[in-house]
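Report on one structure; see the data block that follows.
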Amino acid sequence: PHCMVFSADGTRLAARIDAKTVKLWRVDDAAELTELPLERNKGFTMAFSPDGRSILTGAALFGAEGWENVLVLRESDTGNEVSTHSEPAHAFIHALAFAPDGASVAIGTDATVSLWDAAKWQKQAEFAAPIYYPRTLAFSPDGALIASGSDDSTVRVWTVADGAGGEPVVLAGHSDWVNAVAFSPD
């Protein structure tokens, strides 16, 4: 698969199985829940909401106005669309993560990490730091921190309360791209 993600409780799995399809399964009995169609895109990522009832997909799509970043929130059992948000793509989406309370979404693009209100699709903060292609994002269990892993072989950790003005802690020394970040439960 090109992209794969488990729900937080481990009961659902979503996988992009080819350029045009995401499939969702219930893990305990391998039942296919739904299939999500995809359009031609650049970059692709997805994340389950903390309760696992919704899945958010993000991709850059080429439309009548040029490239746009498109976020689609769907019910994970049915694939029914709940909401869509798009905007001109100055940089492509590469990573998504829901805050533990589900109220915010972190979005990683070619050179930024930003925090968005998940219900209104309003940007709350943009964490400005020299980042190159954040491949992965994670919130700490209490939602106080956001971590990104990037192609520049670094992990950056921001304090959410600091918003756009805060400097990240930079964890360097990785020998290659950082493809996954996670916080321990405690």
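These values consider heavy atoms only, across backbone and side chains, with no hydrogens, waters or symmetry-generated copies.
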Polar side-chain atom of [X] near backbone of [Y] as donor-acceptor pair, under 3.5 Å:
X	Y	answer
Asn69	Ala91	yes
Ser140	Leu145	yes
Ser76	Gly52	yes
Ser114	Glu126	no

### Query
Does a salt bridge link Arg16 with Asp18, judged by any charged N lying under 4.0 Å from a carboxylate O?
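The answer is no: the pair does not qualify as a salt bridge.
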
### Task
Mind running side-chain contact (heavy atoms from CB on, under 4.5 Å) on Thr45 and Thr136 for me, showing each step along the way?
CA-CA 9 Å; Thr45 187; Thr136 182; over 6 Å; no

I need the minimum non-hydrogen distance between [X] and [Y], along with the two atoms involved.
X	Y	answer
Trp25	Ala15	CZ3-CB, 3.7 Å
Met46	Cys3	CE-O, 3.4 Å
Phe139	Pro100	CB-CD, 3.8 Å
Ala95	Pro134	CB-O, 3.7 Å
Ser54	Leu73	CB-CD1, 3.7 Å
Ala106	Ile146	CB-CD1, 4.2 Å

### Message
Enumerate the salt bridge (Lys or Arg N to Asp or Glu O under 4.0 Å) contacts for residues 68-96, please, sequence neighbours excluded, ordered by first and then second residue.
### Response
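Counting only pairs at least two positions apart or across chains, the salt bridge (Lys or Arg N to Asp or Glu O under 4.0 Å) contacts touching residues 68-96 are Arg12-Asp77.
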
### Message
Applying salt bridge (Lys or Arg N to Asp or Glu O under 4.0 Å) as the test, list every pair that has at least one member in residues 49-59; sequence neighbours left out.
### Response
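Salt bridge (Lys or Arg N to Asp or Glu O under 4.0 Å) check on residues 49-59 returns Asp51-Arg53.
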
### Query
If you draw a 6.0 Å radius around CD in Glu32, do more than 12 non-hydrogen atoms from other residues or ligands fall strictly inside?
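Atom CD in Glu32 is crowded, with more than 12 foreign heavy atoms closer than 6.0 Å.
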
Decide whether [X] and [Y] are clustered together by the hydrophobic rule: side chain heavy atoms of Ile, Leu, Val, Met, Phe, Trp, Tyr closer than 4.5 Å, transitively.
X	Y	answer
Phe48	Phe44	yes
Leu24	Val5	yes
Phe6	Ile17	yes
Val169	Val155	yes

Student check: side-chain heavy atoms of [X] and [Y] closer than 4.5 Å:
X	Y	value
Leu96	Val105	yes
Phe127	Thr112	no
Val27	Thr11	no
Val82	Asn80	no
Phe98	Pro50	yes
Leu171	Val157	yes
Trp121	Leu71	yes
Thr109	Phe92	no

I need the [X] [atom1] to [Y] [atom2] distance, nearest 0.5 Å.
X	Y	atom1	atom2	answer
Ile55	Ser49	CD1	OG	9.0 Å
Arg26	Leu33	CZ	CG	5.5 Å
Trp158	Glu167	CH2	CD	10.0 Å

### Message
Walk me through whether Thr21 and Leu36 qualify under side-chain contact (heavy atoms from CB on, under 4.5 Å).
### Response
CA-CA 6 Å; Thr21 313; Leu36 309 178; over 6 Å; no

### Query
Could you walk me through whether Ser104 and Gln124 pass the side-chain contact (heavy atoms from CB on, under 4.5 Å) check?
CA-CA 9 Å; Ser104 300; Gln124 298 170 321; 3.1 Å; yes

### Query
Please walk me through it: do Arg135 and His94 pass side-chain contact (heavy atoms from CB on, under 4.5 Å)?
CA-CA 6 Å; Arg135 293 179 164 268; His94 299 290; 5.9 Å; no

### Message
Counting the benzene-type ring for Trp, do Trp116 and His85 have ring centres under 6.0 Å apart?
### Response
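Yes, they do, as the ring centres are separated by less than 6.0 Å.
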
What pairs of donor and acceptor atoms, side-chain ones from residues 172-186 against any protein atom, are under 3.5 angstrom apart with sequence neighbours left out?
unit_1 : atom_1 : unit_2 : atom_2 : d
His174 : ND1    : Ser153 : O      : 3.3
Ser184 : OG     : Asp186 : OD1    : 2.9

